[in-house]
Every structure is written in structure tokens, then in C-alpha cells.
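The chains referred to below are lettered A, B, ... by the order of the sequence lines, with proteins before strands, and numbering in each begins at 1.
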Number of protein chains: 2
Amino acid sequence: MFSIGELAKQVEIKITTIRYYEQIGLIKEPMRSLGNQRRYNEAHIKQLRFAKHARELGFTLEAISSLMEMEATAKNDCGKIDQIAKQHLQHVKDKIVLLIKLQTELERMVSGCDNKCYVIESLSDHHLCTTEHKLTVLEDSKAR
Amino acid sequence: MFSIGELAKQVEIKITTIRYYEQIGLIKEPMRSLGNQRRYNEAHIKQLRFAKHARELGFTLEAISSLMEMEATAKNDCGKIDQIAKQHLQHVKDKIVLLIKLQTELERMVSGCDNKCYVIESLSDHHLCTTEHKLTVLEDSKAR
DNA sequence: TCTTGAAGCTCTAGTAACTAGAGCAATTAT
DNA sequence: ATAATTGCTCTAGTTACTAGAGCTTCAAGA
């Protein structure tokens, strides 16, 4: 049994984030001490490590929640689990393609600063662009 | 002079977004009709086109705001403008590197679904990973 | 000129995944 | 016993929008 502070150190997740995960139902509510403080066990460590790792790989909390549920109930429903992972993989791939286009465009902009500002000019006039670059697919994880 | 609806069509930005840009001070407040409706001119079109293009390239609204200000005041302060663009470029580059690592890891996970679920296993145990993948740098644009 | 339907207005709240702070209570160490 | 640390809840802020309620204004036709 450990406090939220100890848990936070163990798993390297901020205290506030742990409480947030509990609030949204991602992790199970822990026991409480007589004085109403949270008391955790090994199971919580496992759960949080799983969540942390998945977040680092860019899974959304929603996806993580699904994965956890599946793990807990039907160990063998490999199909759905794989589907979530594959979907995410595709998402990552799409994003890479897009970012490389952006990179190209930005490099072109930045390189040519001789007399007049090419950055401003490029931004003012889309026709100066060589590639298509629309952030249409994107929505992204924000982590630290 | 055109209404917000006409402007929205011209620049292909949603009405609500235009009002939002005004609210946060990204674009100038337009004149109003006698009945208090917004009336725009060519200058607003230019401003919004600029903003849209920059957003598509992944610049934050804050960066766009800075760029616009610089364009309006000191046409020749190419250094700062270039700095913002370069910074963004670096951000994009960093992200690409990271996403490629994630791609590797996810592909490894997904591929090996023979009997037991490798996805869950991998997520449960970080040591099974071959590359480092931490979304430490990330914070991302969300656009459409 | 009157009416009606489309378009516009403001204000509030919701999205994802947290983070920060106020103001108070419990725990731990001395 | 007391002080320092840690924990508690609740609220609000972050980014870049989007959606909806409830109301007003505009433009066009009868």
C-alpha cells in the first residue's frame, strides 16, 4: 500500500495526472486511508505503467481505455486489439507523410532570405508553394 | 464591403473561426453595419489568407500573430521572421524523427499476433521495445 | 410596404489531455 | 506537541476551434 506521491515516483507520472486518470475512469479507484487519502497497490502500478507506455506511443486515452478493458475481460480477442494498434499505426504513417511535405515547404521558405522576406511572401501567397500541405488529417497527442 | 458569410466563402474559413480570430485579436475588428453586423474589406481577405496558409503549415496562432505584426510594422526585420520559421521547421523535423521511431515500434507490435497478444504484452512491458520513443517534445497543431 | 426565410449577433459550453493554484485536512518526523 | 510535508477537493486555464440557444437584422418577393 502506498500513497499517491510514492506511486507517482514509481511510475513517473505526475500526481495530478494520476488523479485525473482516476477521475475520467481510466484507472480503478483506489482504497482510502481513514483520513481519506488514496492508497494504492501493485495492480495500480501495472495499470499506470501500461497507460504510460501506450501514451508514449501516442495512443489516445480512449484507445488505452479500450485496450485495458479488453485485456481485463477477453484476453484472446486479439482481433480488436490489433485493430486499434493498426489504426494508430496508420495514423502515425499518414502524419509522417504530411510532416515531410511541411518540412519541404518550410525549408524552401527559410532558405531564401536574401533581400525581401521570403517567409512572409510565401505565407501571403499559396501559389508559391510547390507541394500540397493541408493539415486535414491531423489531431495530435500532447505529452511530456 | 462584404458580410462575414461572403468572407468565409472567399477565404474558406468557417464563420465561427473568423469570429474567434477576431476575439483573440488575431485579425482587426471590422466595421459594423447600422444593424451591428460585420462588414469586411480586401485587407481582411489578405490577412485571413495569410493566417490560413500559415496554419496549414502548422504555425501556431501565436506565431502567426507575431509574423503578422512584423509584416505590418518592420518589413525588413527579416531576422526575427526567419527565426520563427526556422524554429517551426526544427519542430517539424524533430517530430518526424520521433514519429518514425513510433512507427517502428508499432509495426513490431502489430506484426506478431500468433497466439498471445503481442500488442498488450508490448504495452505492458517497456523492456520489449527496441527503440526509445518518448513524446517529450510534442505538442501539435489540430486543424481542418 | 409587409412579410418571411436566411444570415448574423452574443454568449456559453464542449473538445483532449492534462496543469496549476487556492484553501483546507491528514500524515510524518522531530 | 508541533511543524513540515503531503494529500484532499474544486475550479479554472491551456490550444484552436466547434456547436448550440435564443435573439436580431437583412434582402427579396408579393
Over how many whole Å does the gap from [X] atom [atom1] to [N] atom [atom2] extend?
{"X": "A/I13", "N": "C/dT19", "atom1": "CD1", "atom2": "P", "value": "10 Å"}
{"X": "A/E62", "N": "C/dT15", "atom1": "CD", "atom2": "C1'", "value": "12 Å"}
{"X": "B/E29", "N": "C/dT10", "atom1": "CD", "atom2": "C1'", "value": "14 Å"}
{"X": "B/E56", "N": "D/dA16", "atom1": "CD", "atom2": "C1'", "value": "15 Å"}
{"X": "B/Y21", "N": "D/dC17", "atom1": "OH", "atom2": "P", "value": "4 Å"}
{"X": "A/I18", "N": "C/dT19", "atom1": "CD1", "atom2": "C1'", "value": "14 Å"}
{"X": "B/M1", "N": "D/dT25", "atom1": "CE", "atom2": "C1'", "value": "18 Å"}
{"X": "A/Q23", "N": "C/dA16", "atom1": "CD", "atom2": "C1'", "value": "13 Å"}

Which atom pairs, donor and acceptor, lie under 3.5 Å between side-chain atoms of residues 2-11 of chain B and protein residues at least two apart or in another chain?
{"unit_1": "B/S3", "atom_1": "OG", "unit_2": "B/G5", "atom_2": "N", "d": "3.4"}
{"unit_1": "B/S3", "atom_1": "OG", "unit_2": "B/E6", "atom_2": "N", "d": "3.3"}
{"unit_1": "B/E6", "atom_1": "OE1", "unit_2": "B/S3", "atom_2": "N", "d": "3.0"}

Closest nucleotide among [options] to the [X] side chain:
{"X": "A/Y20", "options": "C/dG8, D/dC17, C/dA17", "value": "C/dA17"}
{"X": "A/I15", "options": "D/dC17, D/dG7, C/dT19", "value": "D/dG7"}
{"X": "B/R38", "options": "D/dC17, C/dT10, D/dC8", "value": "C/dT10"}
{"X": "A/K14", "options": "D/dG7, C/dA20, D/dT9", "value": "C/dA20"}
{"X": "B/R32", "options": "C/dA20, C/dA17, C/dC9", "value": "C/dC9"}

Exercise. Could you tell me whether the phosphate oxygens of C/dG8, OP1 or OP2, come under 4.0 Å of any side-chain nitrogen or oxygen in B/S3?
Key: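 For C/dG8, OP1/OP2 do have a side-chain N/O of B/S3 under 4.0 Å.
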
Quiz item: Are A/R19 and D/dC10 close enough that a side-chain N or O sits under 4.0 Å from OP1 or OP2?
Solution: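 No, no such contact exists.
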
Quiz item: Nearest heavy-atom pair of B/T60 and B/R55: which atoms, and what distance?
Solution: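 The pair with the smallest heavy-atom distance is CA-NH1, 4.1 Å.
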
Quiz item: Which heavy atom in B/M70 sits nearest to a heavy atom in B/I81, and how many Å separate them?
Solution: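 Scanning both residues completely, I find the closest heavy atoms to be SD-CG1, 3.5 Å.
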
Practice problem: Flag the pair A/K46 and A/E42 as a salt bridge only when some basic side-chain nitrogen lies within less than 4.0 angstrom of an acidic carboxylate oxygen. | Solution: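 Result for this pair is no, no salt bridge flagged.
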
Exercise. Would you mind checking if B/K93 and A/E107 are paired as a salt bridge, meaning a charged N to carboxylate O distance below 4.0 Å?
Key: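 Yes.
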
Distance-only criterion, 3.5 Å: show the donor-acceptor pairs between side-chain atoms of residues 16-28 of chain A and protein atoms not counting sequence neighbours.
{"unit_1": "A/E22", "atom_1": "OE1", "unit_2": "A/R38", "atom_2": "NE", "d": "2.7"}

Practice problem: Name the orientation class of the two ring planes belonging to B/H91 and B/H88 (parallel below 30°, tilted from 30 to 60°, perpendicular beyond 60°). | Solution: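 B/H91 and B/H88: parallel rings.
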
Between protein and nucleotides 26-30 of chain C, what N or O pairs are separated by less than 3.5 Å?
{"unit_1": "C/dT27", "atom_1": "OP1", "unit_2": "A/S33", "atom_2": "OG", "d": "3.0"}
{"unit_1": "C/dT27", "atom_1": "OP1", "unit_2": "A/G35", "atom_2": "N", "d": "3.1"}

